[in-house]
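The structure appears right after this line, and notes come after that.
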Amino acid sequence: MNPALSVVLFTTLASAGLGALAWLGVDLALGLRVVAPARVVVVLAAALALLAGGLLASFWHLGVKTRAWRAFSQWRSSWLSREAWLSLFAFVPALALGAHALGRWPALPYEATAVALVLLAFATLYATTRIYTSLTAIPAWSRAPVAPAFFMLALAAGACWTLALTAAPANANVFAAVVAALWLLAAALKIAYWRRIDTQALPATRESATGLGRYGHVSVFESPHTEANFLLREMGYVLARKHGKRLRALCVGAMTSCAVLFAFAAARPGSTMVVAMLAVLPATFAVFVERWLFFAQARHLVTLYYGADPRAVADQGRPGFASSSPAP
Amino acid sequence: MTMLPPVAPVKLGLVIDLDTCVGCHACAVACKQWNDGGQFGPLPDERAFGKDPLGVWVNRVHSYEVTAPATANAPAKHMTVHFPRSCLHCEVPECVTVCPTGASYKRASDGIVLVDEDKCIGCKLCAWACPYGAREFSEVKGTMQKCTLCVDRIYNETLDAADRQPACVQACPTRARHFGDLGDASSAVSKLVAERGGYALMPESGFRPVNRYLPPRPRRDAAAAATNPAPAPAETLDAAKLPPLLRWLDRVLSR
């Protein structure tokens, strides 16, 4: 799949923002005071800026931007539409809590509002994962580790932002230890996911896709078109496969370095803010690369109708002809 | 509305005969031509000319080589199969339900899957959802394009009755494409499917495609004929039965 920058940026930024909102909601609802009351507004503003930035990036992805409002209409069937609504709903308790923190709304039942914020942040993240996991045409995306890894990374990246903006947090050592564990868990889930997509074959073959398997092995004799088309550019994208191994290593390296940083912070609670500030860069890098690979390394079933190995399509620059030899 | 309508008894679709398709791309060209000028047109190209032309075609003709492996007493058999690929107008199309805007819809009356170009925001999610590659995005229009089953032809009363069928069907020089109601067991296309063992593509997708493909008929075994030529039939010329002039010629030439 083509890792469109707009979509990669959207999920990277919005999930970090939603992760931060979820943490803040938990913190306020349980009264943990990890985020000092004076800093609530700062964290909220940063989280909402990340979410809004992500939404703006997704808006940039659209072919006809002036009709973006129409995406709210089909919430009864479409996870994309549900995600759009939920991401907007999440602003409501967040802004209410911001008003409360600024002293503008003292009567706000802020614990209940904080719980609503947590639920909406999680619901939005869930809707985003469902957009991907429900697409059976891209089998890699319906693998079991996809949704948990997405949640782990959202919470881990959100925690980086939350702590980076919080001076002298209470319970910092416990929180930092949890975040370190989240990064390790996320790395383990991604490794499990990559192992699965590398070893498990697609559920269909060119023989089953064409229905010609009853006659024997099916190979591409001639492509329907000599140049690329939308399908090959969007679904047959394979540029990152060449550097897949290195990018995966960089991604896991960045996640592990975040885990190490937060383990250090757990041992020295006074350093949490500085450590979290240092971790924001590798955290964002890790999530960005992970999302890039999530697209670039996912094979769409339509590629079965084209070259034998979609790698050949990209490497040769000409679809079809490159892969006309029968598979060994 | 992207909720699917109740399953309609009418299921308009195509039946494509892989036995007679010769891969001439006339259907694809006729499709492009009609849809560039029909009610849904234009169907513009991003780059129609030049080194790397790029544009939307909603009907594509693949060509495959099918190889049956060699057995102990027969060499490997090869067969070329031309394979037109377009929207299958699925009964449970995921491209419709994923659409956030309601632009992608399935008609309740005849099951045709269409895109409302005035609503489409060009998010491309429907193209991601389709394992058959039925949808192509137009960078020029910013919206998704797909086969309309020539809905602007098949009900068009300004056309002669004989012309009220999809452009691809009408253009096919080998009559490898058939159009009709696959929901009606007594229709000509349904009978053809039953007679020839027509099949759906990737039924495991669960989307229940309506279009059917007719498998190639068994080919003459050219390889076996080449290695084991049958003896030429003995020539039998009964000179006694020839007219006198030819009988005389036969006698002269036989000398």
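Numbers restart at 1 for each chain; the letters A, B, ... are given by sequence-line order, proteins then strands.
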Based on non-hydrogen pairs under 4.5 Å, which of [options] is most in contact with chain A?
options                                : value
B:Pro69, B:Ala134, B:Ala127, B:Pro218  : B:Ala127
B:Phe83, B:Trp128, B:Phe137, B:Tyr132  : B:Trp128
B:Pro84, B:Gly23, B:Cys130             : B:Cys130
B:Val98, B:Thr80, B:Ile121             : B:Ile121
B:Glu94, B:His25, B:His78              : B:Glu94
B:Ser138, B:Ala200, B:Ser205, B:Cys120 : B:Cys120

Give, as side chain, backbone, both or neither, the part of [X] having an atom under 4.5 angstrom from any heavy atom of chain B.
X        : answer
A:Trp141 : side chain
A:Tyr132 : side chain
A:Arg82  : neither
A:Leu212 : both
A:Ala68  : backbone
A:Glu234 : side chain
A:Ser134 : backbone

- With a distance cut-off below 6.0 Å to the six-membered ring centre and an angular limit of 45° from the axis, does A:Arg206 pair with A:Tyr305 as a cation-pi contact? no
Any donor and acceptor pair, going by atom type alone, linking the side chain of B:Arg107 with main-chain N or O of B:Val113 inside 3.5 Å? no
Residue [X] versus chain A: region with a heavy atom under 4.5 Å:
X        : answer
B:Glu204 : side chain
B:Arg135 : backbone
B:Cys123 : both
B:Pro216 : both
B:Tyr199 : side chain
B:His82  : neither
B:Lys51  : backbone

CG of B:Asp116 to CE of B:Met144, rounded to nearest 0.5 Å, is 14.5 Å
Pair [X], [Y]: side-chain N/O donor-acceptor within cut-off below 3.5 Å:
X        : Y        : result
B:Asp19  : B:Tyr213 : no
B:Thr143 : B:Glu117 : yes
A:Thr128 : A:Glu83  : yes
A:Gln200 : A:Arg143 : yes

Looking at [options], which one has more heavy-atom pairs under 4.5 Å with chain B than the rest?
options                              : answer
A:Ser6, A:Ser77, A:Ala4, A:Ala209    : A:Ser77
A:Ile131, A:Val218, A:Thr66          : A:Val218
A:Ile138, A:Leu231, A:Val7           : A:Leu231
A:Leu80, A:Thr210, A:Leu62, A:Val302 : A:Thr210
A:Ala71, A:Ser58, A:Pro203           : A:Ala71

- Query: Going by the angle between their ring planes, with limits at 30° and 60°, are A:Phe151 and A:Phe122 parallel, tilted or perpendicular?
  - Reply: parallel
Charged N-O contact under 4.0 Å between [X] and [Y]:
X       : Y        : answer
B:Lys32 : B:Asp45  : yes
A:Arg70 : B:Asp118 : no
B:Asp17 : B:Arg175 : no
B:Lys11 : B:Glu91  : yes

Aromatic ring proximity [X]/[Y], centre distance under 6.0 Å:
X        : Y        : result
A:His225 : A:Tyr306 : yes
A:Phe230 : B:Trp57  : no
B:Tyr64  : B:His62  : yes

